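Every chain is numbered from 1 and lettered A, B, ... according to where its sequence line falls, protein lines coming before strand lines. What you are looking at is a predicted structure, and each value in this text was computed from that prediction instead of being measured.
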Amino acid sequence: MSTIIEPLRGVHDILPAQAAAWRFLEQTTREVFAAYGYEEFRVPIIEQTQLFKRSIGDFTDIVEKEMFSFVDQGEDHITLRPEATAGIARAVISNGMLRTGRLRVWCMGPMFRRERPQAGRYRQFHQIDAEAFGFEGPDIDAEMILLSARLLRRLGLSRIKLHLNSLGTPAARAAYRERLVAYFSTYESQLDEDSRRRLHGNPLRILDSKHPDTQRIVAGAPHLADSLDPESKTHFETLCGHLRAAGIEYHVDQRLVRGLDYYTRTVFEWITDSLGSQSTVCAGGRYDGLVAQLGGAPTPGIGWAMGQERIVMLLEKQGRIVPADGPQVYLIASGERAQRAGLELAERLREARPDLRLQVNMGGGNFKAQFKRADKSGARYAIVLGDDEVARGTVSWKDLRGGQAQQECAIDRVAERIGVLLGNEQANTG
RNA sequence: GUGGACGUAGCUCAGCUGGUAGAGCCCCGGAUUGUGAUUCCGGCCGUCGCGGGUUCGAGUCCCGUCGUCCACCCCA
């Protein structure tokens with residue numbers, strides 16, 4: 001007897017029972033992106049380790065200790081992508097896609113971070129990702145946020161709040177960063193360990209430290225808003241105006257700085273109060289310097305990422321019923337002749353109605369057993385084919401959910417019959 | 001990475017102060033003829049996460065380990 005192989009820590013199977021919620025999320029995502037004219041982009045899951053070091057920032061926890069990195073047989077330094085933006089930016093440059101100026105894309109897929117797992121925080125997790133390149137003005141910032149808002153609304157989720165802030169231009173941010181370093185340096189000995197470590201790497205992160213002592217020091221720190229350059233200020237105010245006009249509620253959060261180094265100007269997060277400490281459901285911002293940093297022509301960019309596991313958790317928690325896609329019709333066939341006739345009939349029906357979801361009983365069984373399976377399949381109707389029906393050239397037809405009596409109809413009129421019945425059903429369920 | 005709680009059948013859980021495991025659901029079969037979902041009867045299912053220790057004896061106590069979860073950290 002060999003021992004059972006367990007999954008790796010922090011990775012999960014998505015079981016068929018859960019897949020409906022995922023499919024609903026993914027289908028809705030496709031529709032919403034299409035509604036805004038965004039194109040799907042598929043990029044690799046593995047990239048050169050250097051890509052993430054250069055884009056996300058050497059001093060972020062992600063790069064410092066959370067990446068799944070390895071050297072392969074050919075001495076290549078490879079990393080499983082911990083986020084999507086860097087890979088998309090790289091792909092946009094590699095494929096010369098910026099020559100046409102502007103680009104609005106989205107992608108969806110697994111990401112990897114070697115964190116300590118918790119509900120809503122996994123080592124392999126999935127994100128929906130939106131990116132736009134080549135747009136300088138705040139209109140695209142607004143569109144990005146409106147798009148995410150519409151997606152959340154279309155999913156039927158509520159009680160998710162939008163937090164908003166601006167980090168300024170790279171220059172203003174750099175100046176602010178210096179001011180911040182100067183300020184925190186005078187209190188260096190009083191800072192907590194993590195904050196001290198970040199002081200010269202990513203001092204903005206110190207702002208949202210939860211250490212009480214550090215927080216006291218943070219309270220006296222120079223304000224980001226005061227250091228904003230006039231252009232960034234205007235940019236931010238225009239964005240806020242767009243959001244108000246569109247009826248999107250938001251909360252300006254001075255502490256919101258985001259963890260990744262590449263952000264500039266607009267940053268935002270959608271936050272829920274029903275997921276414990278994994279409260280951010282979607283987050284993003286502008287990264288005007290990233291493309292140039294990765295060797296492309298200087299091009300402004302903005303994007304966001306949404307955590308799919310967290311969304312699915314919210315769908316469950318908020319009791320959203322997602323459309324199932326089990327069979328509509330279950331075909332029962334008993335006896336050798338009936339089985340053969342049943343298989344043939346099923347194929348004919350699928351030919352006639354490509355959208356039909358029809359499950360054929362397999363593995364035999366008496367009528368009782370087959371009806372049990374028909375019931376369990378969730379199908380609305382059962383088509384019954386036994387020796388009697390075969391002899392008569394008919395099928396019996398049973399409504400498993402309604403009170404209608406069982407009927408019989410000619411075998412070559414079944415497709416027509418399905419059209420009538422499921423047509424009605426679709427009208428009823430919208 | 002730090003601190004803490006938990007880990008018993010496929011699922012949800014019970015098992016008092018240590019005496020070699022139970023329920024419900026699920027699944028399978030039956031209640032005369034080719035009919036499910038209800039009811040009744042019967043049946044299957046566990047190295048009590050794993051490893052070590054204490055003990056005559058451990059699911060129950062101790063240690064370690066793995067995993068899940070909570071907070072921190074980080075972040076989607």
Euclidean distance for [atom1], [N] against [M] (whole angstrom):
N     : M     : atom1 : answer
B/C11 : B/G30 : P     : 28 Å
B/G46 : B/C13 : C1'   : 15 Å
B/C75 : B/C62 : P     : 38 Å
B/C61 : B/U54 : C1'   : 8 Å
B/G19 : B/G24 : P     : 23 Å
B/C6  : B/C63 : P     : 13 Å
B/A9  : B/A5  : C1'   : 24 Å
B/G15 : B/U60 : C1'   : 9 Å

Ignoring hydrogens and angles, are the base of B/G3 and the side chain of A/R116 linked by a donor-acceptor pair under 3.5 Å?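 For A/R116, whose side chain was compared with the base of B/G3, there is a donor-acceptor pair (under 3.5 Å).
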Pair of N/O donor and acceptor under 3.5 Å linking B/A71 base with A/Q278 side chain: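 In this structure, the two groups form no donor-acceptor pair.
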Phosphate contact ([N] OP1 or OP2) by [X] side-chain N/O below 4.0 Å:
X      : N     : value
A/R9   : B/G67 : yes
A/Q118 : B/A71 : yes
A/K372 : B/C28 : no
A/K398 : B/U35 : no

Counting side-chain heavy atoms from C-beta on, which of [options] comes nearest to [X]?
X      : options             : value
A/S277 : B/U35, B/A76, B/A71 : B/A71
A/E389 : B/C74, B/G34, B/C75 : B/G34
A/K368 : B/U35, B/A76, B/G34 : B/U35
A/K376 : B/C27, B/A76, B/U68 : B/C27
A/A305 : B/A37, B/C74, B/A76 : B/A76
A/R310 : B/G34, B/C75, B/C69 : B/C75

Report the base-pairing partner of [N] (Watson-Crick or G-U wobble, both distances below 3.5 angstrom), or none.
N     : answer
B/C6  : B/G67
B/C26 : none
B/C45 : none
B/U32 : none
B/G59 : none
B/C72 : B/G1

Any idea which heavy atoms bring A/N361 and A/Y330 closest together, and the distance?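 Looking at all heavy atoms of both residues, the closest pair is OD1-OH, 2.7 Å.
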Checking side-chain polar atoms at under 3.5 Å, does A/E131 have a donor or acceptor matched by the opposite partner on A/Y287?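 Side-chain D/A pair, A/E131 to A/Y287: present.
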Would you say [X] has more than 12 foreign heavy atoms packed within less than 6.0 Å of its [atom1]?
X      : atom1 : answer
A/Q48  : CD    : no
A/R23  : CZ    : yes
A/R114 : CZ    : no

Do A/H163 and A/Y250 have ring centroids that are under 6.0 Å from one another?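 Ring centroids of A/Y250 and A/H163 are no less than 6.0 Å from each other.
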Assess the pair A/Y38 and A/W106: is the distance between their ring centroids shorter than 6.0 Å?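 Ring-ring flag for A/Y38/A/W106: false, centres at least 6.0 Å apart.
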Counting any heavy atom closer than 4.0 Å, what does [X] reach on the DNA or RNA strands: base, sugar-phosphate only, or nothing?
X      : result
A/R373 : nothing
A/Y122 : base
A/G10  : sugar-phosphate
A/G284 : nothing
A/A119 : sugar-phosphate
A/Q406 : base

What's the [atom1]-[atom2] distance between [X] and [N], to the nearest Å?
X      : N     : atom1 : atom2 : value
A/Q215 : B/C72 : CD    : C1'   : 13 Å
A/F112 : B/A76 : CZ    : P     : 16 Å
A/I56  : B/A76 : CD1   : P     : 9 Å
A/R401 : B/U38 : CZ    : C1'   : 14 Å
A/E83  : B/C75 : CD    : P     : 11 Å
A/R205 : B/C73 : CZ    : P     : 10 Å
A/L275 : B/C75 : CG    : C1'   : 13 Å
A/R121 : B/C70 : CZ    : P     : 10 Å

So, A/F367 and B/G34: ring centres less than 5.5 Å apart, planes less than 30° off, yes or no?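 Given the distance and angle limits, yes, they stack.
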Both A/E66 and A/P7 contact RNA chain B. Which one's nearest nucleotide lies toward the 5' end?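 Nearest-nucleotide comparison on RNA chain B picks A/P7.
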Between A/G120 and A/D388, which residue's closest nucleotide on RNA chain B lies nearer the 5′ terminus?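 Closer to the 5' end of RNA chain B: A/D388.
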From A/P222, A/S227, A/S185, residue fulfilling side chain to side chain contact (heavy atoms under 4.5 Å, CB included) relative to A/L180: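 The option that passes is A/P222.
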Mark yes or no for whether A/R177, through its side chain, and A/P203, through its backbone, hold a donor-acceptor pair below 3.5 Å.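 Answer holds: no.
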